[in-house]
Amino acid sequence: MDNRNFQLGNQWSTVYYPVKPSGFGVLILGDERHFVDDESSFWNQNAGKREILSNLREAGYTLFTSNLYGKHWGSPKAVLLATLLYEIVMKNEILNPKIHILAEGMGALAALKLAEELKGNIRSIVLINPILSLKYHMEQEREHIFFYKKVLGEIAEAHDVDRATLEREIKEESLPEFDFGAPIRIFHILTGGRAYKNARACKNLLSTLQQKPPITETYMLPEKAGQLGMEIAKFMSRHEKFL
């Protein structure tokens, strides 16, 4: 059996099994196109993500992910569901309780909050083209008013607040501290203008940190993205010496 799909909180989740289990788990938190249904998932259908999935399974990792209400934008209910998914998987699978987190885009917003919830049980964090702050992200979107309004509506719906309240909360948002006691590696896949802008915003945000945690940033051109799965597996394996 390659994978097992099940429902949790009215959302589909899936577990992908390795051929030769290492005993270590990876929680995947996807970006805006991410989905999980009763038969498949975005990471299983998209060629690039499927290759990463395959590389990690070959390295012995058990991977698990959830639909997380679609475009969740790091909402509290998405983080709660991710926490419940972790607990369910730990009960039903033979895995070390300290897991790796792999997140892309908006999934990083949930990943940082989840890492705070599961502090002490996070082994490493890998982020792909991450959105680290709604405040920084929406400052970029202001340049394109149509996209700004669209994204603002998505975030308001995900967080169950009206737009005026959301805009106020975003302005008052404090920057993430990254104080999880876990190493972080960020991959920027430079596929176009928005990816370059996001990479700059990410670098600017990290430069404001007074105490810098162990964060490594790697920049990759699209033609090198096929190496991403192996690079992620290498990084994660370096942080498995202590059970």
Side-chain angles (χ1 to χ4, degrees), residues 16 18 22 24-31 34 43 46 48-65 74 82 86 96 98-133 136-137 175-191 195-243:
Y16 290 100
S22 65
F24 293 107
V26 180
L27 171 57
I28 296 173
L29 299 168
D31 196 16
H34 180 75
W43 275 64
N46 178 271
K49 299 299 183 295
R50 187 167 59 246
E51 187 171 6
I52 296 173
L53 199 63
S54 178
N55 290 152
L56 293 177
R57 289 180 63 226
E58 288 173 8
Y61 292 106
T62 300
L63 304 108
F64 51 104
T65 186
Y86 165 80
N96 187 285
K98 292 189 69 172
I99 64 166
H100 302 281
I101 293 179
L102 172 57
E104 181 185 21
M106 72 169 67
L109 295 168
L112 298 179
K113 295 174 183 176
L114 181 65
E116 188 66 35
E117 291 290 325
L118 300 181
K119 188 179 286 187
N121 282 320
I122 304 301
R123 195 169 287 278
S124 76
I125 300 172
V126 175
L127 306 175
I128 304 170
N129 290 351
I131 296 172
L132 300 178
S133 160
Y136 270 62
H137 184 68
L175 297 180
E177 297 182 359
F178 303 93
D179 183 22
F180 315 122
I184 301 171
R185 185 163 184 185
I186 299 175
F187 289 93
H188 299 286
I189 314 301
L190 304 175
T191 53
Y196 278 93
K197 282 185 178 181
N198 187 64
R200 282 198 299 271
C202 184
K203 194 168 191 67
N204 290 340
L205 188 154
L206 294 177
S207 69
T208 66
L209 300 179
Q210 293 182 347
Q211 290 186 324
K212 292 189 177 181
I215 297 177
T216 304
E217 288 187 272
T218 300
Y219 299 85
M220 300 180 77
L221 294 174
E223 54 265 32
K224 297 291 185 180
Q227 303 171 11
L228 188 54
M230 291 180 286
E231 287 294 319
I232 292 171
K234 287 178 185 177
F235 173 74
M236 291 179 173
S237 66
R238 289 200 293 268
H239 304 287
E240 295 166 358
K241 295 178 181 178
F242 301 101
L243 299 180

**Study point:** Residues forming a side chain to side chain donor-acceptor pair (under 3.5 Å) with Tyr136, sequence neighbours excluded
**Key:** none

Review point. For Ala111, which residues count as a side-chain contact (heavy atoms from CB on, under 4.5 Å) partner, sequence neighbours excluded?
Key: Leu29, Ile101, Ala103, Leu127

Exercise for review: Please lay out, stage by stage, how Thr216 and Ile186 fare under the test side chain to side chain contact (heavy atoms under 4.5 Å, CB included).
Suggested key: CA-CA 6 Å; Thr216 304; Ile186 299 175; over 6 Å; no

Study note, to complete from the structure: d(Tyr61 OH, Leu102 CG) to nearest 0.5 Å is 11.0 Å

Point to revise | Partner set under salt bridge (charged side-chain N to carboxylate O under 4.0 Å, His left out) for Lys98, not counting sequence neighbours | key: none

Point to revise | Reported CG-to-CG distance for the pair Leu112 and Leu132, which is rounded to 0.5 angstrom | key: 6.0 Å

**Study point:** Euclidean distance, Ile131 CD1 relative to His137 NE2, rounded to 0.5 Å
**Key:** 4.0 Å

Point to revise | salt bridge (charged side-chain N to carboxylate O under 4.0 Å, His left out) against Glu217, all qualifying residues, sequence neighbours excluded | key: Lys203

Point to revise | Heavy-atom pair with the smallest gap, counting every atom of Ile122 and Ala182 | key: O-CB, 3.6 Å

Point to revise | Chi angles and distances behind the side chain to side chain contact (heavy atoms under 4.5 Å, CB included) call for Phe24, Met236 | key: CA-CA 10 Å; Phe24 293 107; Met236 291 179 173; over 6 Å; no

Exercise for review: Please identify each residue that fulfils side chain to side chain donor-acceptor pair (under 3.5 Å) with Ser54, with sequence neighbours left out.
Suggested key: Glu58

Exercise for review: Indicate the atoms forming the closest heavy-atom contact of Pro130 with Phe187, along with that distance.
Suggested key: CD-O, 4.3 Å

Review point. Nearest 0.5 Å, what's the CD1-CZ distance between Ile99 and Phe64?
Key: 4.0 Å

**Study point:** Inter- and intrachain pairs under side chain to side chain donor-acceptor pair (under 3.5 Å), touching residues 118-127, at least two apart
**Key:** Asn96-Arg123, His100-Ser124, Glu116-Lys119

Revision key, fill the gap. Salt bridge (Lys or Arg N to Asp or Glu O under 4.0 Å) pairs touching residues 104-115, sequence neighbours excluded, are Lys49-Glu104

Review point. When rounded to the nearest 0.5 angstrom, what is the spacing between CG in Asn198 and CG in Asn129?
Key: 6.0 Å

Study note, to complete from the structure: Thr65 and Ile28 have their tightest heavy-atom pair at OG1-O, 2.8 Å

Exercise for review: Determine the minimum heavy-atom distance between Ala195 and Ile189, stating which atoms define it.
Suggested key: CB-O, 3.5 Å

**Study point:** Residues in side chain to side chain donor-acceptor pair (under 3.5 Å) contact with Thr62, at least two apart in sequence or another chain
**Key:** none

**Study point:** Criterion side chain to side chain contact (heavy atoms under 4.5 Å, CB included) on Leu206 and Phe178, from CA distance to verdict
**Key:** CA-CA 10 Å; Leu206 294 177; Phe178 303 93; 3.9 Å; yes

Study note, to complete from the structure: Residue set satisfying ring pair (Phe, Tyr, Trp, His ring centres under 6.0 Å) with Phe235, at least two apart, ordered chain then number -> His239

Review point. Among all residues two or more places apart in sequence or in another chain, which pass the side chain to side chain donor-acceptor pair (under 3.5 Å) test with Lys234?
Key: none

Side-chain donor-acceptor distances from residues 218-231 under 3.5 Å, at least two apart:
unit_1	atom_1	unit_2	atom_2	d
Thr218	OG1	Arg185	NE	3.1
Thr218	OG1	Arg185	NH2	3.0

Check your understanding: Between atom OG of Ser133 and atom CG of Leu109, what is the distance when rounded to the nearest 0.5 Å?
Key -> 8.0 Å

